[in-house]
Amino acid sequence: QVQLVESGGGLVQAGESLRLSCVVSGRVAISAASWHRQAPGKQREWVATIANGWATNYADSVKGRFTISSDNAKNTVYLQMNNLTPEDTASYYCTVSGGGGTWHWGQGTQVTVSS
């Protein structure tokens, strides 16, 4: 069965950077991957998507600061997060699709940004 494990979260100061990783195991060929986040008291928010290994889209709140990428050889999806602000504090979740209507979700990794 497909399993996703996120890592790379932590506590940083405003202006610093983190890189989140999402390692995908199981028999799936990733056609698209996304990152979402959820802060306390808020609904889950879409952050970024990469499709076909190159086409990317970002939420307005992270454009110019975050970069989503993937490494097929390592079966891993990344989210490079630069110039972090306290508003980026949330649990970050990775989701991937091998095509069709099925998306697989990870358990999340916590990002906390202090001012």
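Just so you know, residue 1 is the first one in the sequence shown, and it goes up from there.
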*salt bridge (charged side-chain N to carboxylate O under 4.0 Å, His left out) pairs, two or more places apart, involving residues 83-105*: Arg37-Asp88, Arg65-Asp88
*asked:* Show every salt bridge (charged side-chain N to carboxylate O under 4.0 Å, His left out) that has at least one partner inside residues 11-24, sequence neighbours left out.
replied: none
_Show, in sequence, the C-alpha distance, side-chain angles and deciding distance for Glu6 and Val23, and conclude whether the side chain to side chain contact (heavy atoms under 4.5 Å, CB included) test is met._
CA-CA 7 Å; Glu6 300 101 330; Val23 178; over 6 Å; no
*Apart from Tyr92 itself, what residues make up its hydrophobic cluster, given side-chain heavy atom links below 4.5 Å?*
Val2, Leu4, Val12, Leu18, Leu20, Val24, Val28, Ile30, Trp35, Val47, Ile50, Tyr58, Val62, Phe66, Ile68, Val77, Leu79, Met81, Leu84, Val96, Val111, Val113
*Sequence neighbours left out, what passes side chain to side chain donor-acceptor pair (under 3.5 Å) with Thr67? Give chain and number order.*
none
_Test log, rule side chain to side chain donor-acceptor pair (under 3.5 Å), inputs Ser91 and Gln110_ = CA-CA 4 Å; Ser91 293; Gln110 179 66 37; 2.8 Å; yes
*Tell me the salt bridge (charged side-chain N to carboxylate O under 4.0 Å, His left out) pairs involving residues 102-115, sequence neighbours left out?*
none
*asked:* Are Ser34 and Trp103 packed together at the side-chain level, in the sense that at least one heavy-atom pair is separated by less than 4.5 angstrom?
replied: yes
*Got a sec, which pairs hit salt bridge (charged side-chain N to carboxylate O under 4.0 Å, His left out) with one end in residues 91-115, sequence neighbours left out?*
none
*Go through the structure and list residues passing ring-ring contact (aromatic ring centres under 6.0 Å, His included) with Trp105, not counting sequence neighbours.*
His36
_SG-NE2 distance between Cys22 and His104, expressed to the nearest 0.5 angstrom_ = 11.5 Å
*For side chain to side chain contact (heavy atoms under 4.5 Å, CB included), just list the numbers for Glu45 and Ser61, CA-CA rounded to whole Å, side-chain angles, deciding distance to a tenth of an Å, and then say yes or no.*
CA-CA 10 Å; Glu45 173 190 21; Ser61 58; 3.4 Å; yes
*asked:* Taking Gly9's backbone N and O only, do any of them form a donor-acceptor pair with Thr109's side chain (distance below 3.5 Å, no angle check)?
replied: yes
_Going by the rule side chain to side chain donor-acceptor pair (under 3.5 Å), which residues pair with Gln80 if we only count those two or more places apart in sequence or in a different chain?_
Asn82
*For Val5, what are the other residues in its hydrophobic cluster, where any two members join if their side-chain heavy atoms are less than 4.5 angstrom apart?*
none
_For Ala14 against Ser115, the heavy-atom pair lying closest together_ = CB-CA, 4.3 Å
*Output the distance between atom NZ (Lys74) and atom CG (Asn72), rounded to the nearest 0.5 Å.*
12.0 Å
*Asn52: what forms a side chain to side chain donor-acceptor pair (under 3.5 Å) with it, not counting sequence neighbours?*
none
*asked:* Is it the case that the side chain of Ser97 and the backbone of Thr102 share a donor-acceptor pair, with hydrogens and angles ignored and the cut-off at 3.5 Å?
replied: yes
*List for me each residue that meets salt bridge (charged side-chain N to carboxylate O under 4.0 Å, His left out) alongside Lys42, sequence neighbours excluded, and say none if there are none.*
none
*Distance only, no hydrogens: is a donor on one side chain within 3.5 Å (strictly under) of an acceptor on the other, for Gln13 and Ser114?*
no
*Residues in side chain to side chain donor-acceptor pair (under 3.5 Å) contact with Ser70, at least two apart in sequence or another chain*: none
